[in-house]
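Both backbone and side-chain heavy atoms feed into the values below; hydrogens, waters and symmetry mates do not. The sequence lines fix the lettering, A, B, ..., with proteins before strands; numbering per chain opens at 1. The model shown is predicted, which means the values in this text are computed figures rather than measured ones.
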Amino acid sequence: VSQPPHPVNGLDELVHQRVRLGILAIAAEAEQVDFGYLRGALQLTDGNLSRHLQVLEQAKLIAVRKGYSGRRPRTWVRITAKGRKALDTELATLRTLIAHLDRAQAVRPDHDDNHA
Amino acid sequence: MDASHATELLADVQRLRRRTRLARHGYWFPLLVFGLLALGALPLFRYPSLADQVGPGSYATDQPPWIRGVTTGGQFLADPAALSLYWLIAIPLGYVATVAFYRYHARRSGVASRLRPYVATGLALLAALLLLAGGATGLIVVPGDLVVRGLAPLLTVPIALLMLARIERSWAVAAVACGVGLVALVANLYDIENLFYRVGVTAPSPQINLIVLGGALLVAGAGCWLVTRRARRRLL
């Protein structure tokens with residue numbers, strides 16, 4: 001009898017990374033978000049955030065637009081339809097995984113005690 | 001990966017989403033703007049004087065005939081055409097001010113909202129009222145009771161606010177829109193001076209309906225501003 005695939009197989013390494021998941025979650029809440037807002041909310045350095053944005057942009061999960069606000073240069077990040085779909089899939093997989101692990105723990109409540 | 005790691009990751013995502021949603025909330029602004037614009041119409045809320053009477057139930061106005069065709073209601077007021085023109089200018093101005101505020105807010109907070117559906121809904125409702133209230137087209141589809149007090153254009157404001165609630169993903173905004181909508185409906189359908197009369201207070205008529213509705217918009221706007229500011233301080 002073939003078993004259904006474990007939910008962990010549904011996780012996308014590119015999206016699952018904590019910072020990149022955070023970027024997508026923030027971008028999905030607005031029409032576009034500023035680089036400075038992302039840096040503050042995720043508590044990252046400029047270089048670190050830039051690298052993650054580059055990865056997401058190359059995967060076409062976000063679109064990056066550079067512009068000016070007065071004389072000040074600003075970078076705006078927008079989530080793409082593909083990015084929104086990837087985020088929804090990731091969150092659904094995480095919920096399924098939590099439910100799966102909780103069920104497994106309920107079936108073997110004294111599992112840890114036996115191995116202690 | 002264990003369950004606690006996955007749960008922690010999901011909680012992180014929820015926290016970031018809540019924080020971002022809160023950072024872009026600016027729904028209190030249109031409430032304040034439309035409250036002020038509503039009260040700006042007060043000088044136009046008066047009954048015709050006896051001096052304007054040219055025959056039984058007929059009053060003279062100095063306006064050209066084309067303006068008289070533009071009406072969004074208020075037939076028993078001294079100058080329904082001027083009032084309609086006021087609404088047709090003031091309400092779009094309210095949306096222009098709201099868009100300008102949201103742009104300014106986006107530059108400051110770093111989080112931008114998509115306002116086009118909100119503005120389109122508000123303006124489409126106003127255009128529909130103008131077309132259906134009988135002034136521009138001669139079609140009278142909107143019930144007379146709803147437009148007779150001259151406040152029907154303000155009824156479109158809370159309905160459009162429901163669209164803003166959807167954009168801002170906020171049940172609180174939807175609840176405020178429903179509350180203001182209820183006040184707008186009462187102000188359009190009932191002479192509020194009767195309520196004051198019952199408690200022995202003589203309220204100015206016909207202005208009191210406008211004062212109550214404009215006041216409700218201002219109070220809701222100020223309350224929402226306070227709540228948003230407190231929540232932002234707590235979370236950010």
### Query
Are the side chain of R232(B) and the backbone of L22(B) linked by a donor-acceptor contact shorter than 3.5 Å?
yes
### Query
Where the side chain of N188(B) meets the backbone of A184(B), is there a donor-acceptor pair that is under 3.5 Å apart?
yes
### Query
Under 4.5 Å between any side-chain heavy atoms of Y37(A) and I26(A), yes or no?
yes
### Query
Does A63(A) offer a backbone N or O that forms a donor-acceptor pair with the side chain of W76(A) under 3.5 Å?
no
## Note on the structure
Applying a strict 4.5 Å limit to non-hydrogen atoms, the region of R17(B) in contact with chain A is both
### Message
Quick check on R74(A) against chain B: is it the side chain, the backbone, both or neither that has a heavy atom closer than 4.5 Å?
### Response
side chain
### Task
Answer with side chain, backbone, both or neither: which region of Q14(B) has an atom nearer than 4.5 Å to a non-hydrogen atom of chain A?
side chain
### Summary
If one checks every heavy atom of S113(B) against chain A at 4.5 Å, the contacting part turns out to be backbone
### Query
Can you say whether R169(B) sits under 4.5 Å from chain A via the side chain, the backbone, both, or neither, judging by heavy atoms?
side chain
### Message
What I want to check is whether the side chains of R108(B) and Y104(B) have a donor and an acceptor closer together than 3.5 Å.
### Response
yes
### Message
So for L87(A), is it side chain, backbone, both, or neither that comes closer than 4.5 Å to the heavy atoms of chain B?
### Response
side chain
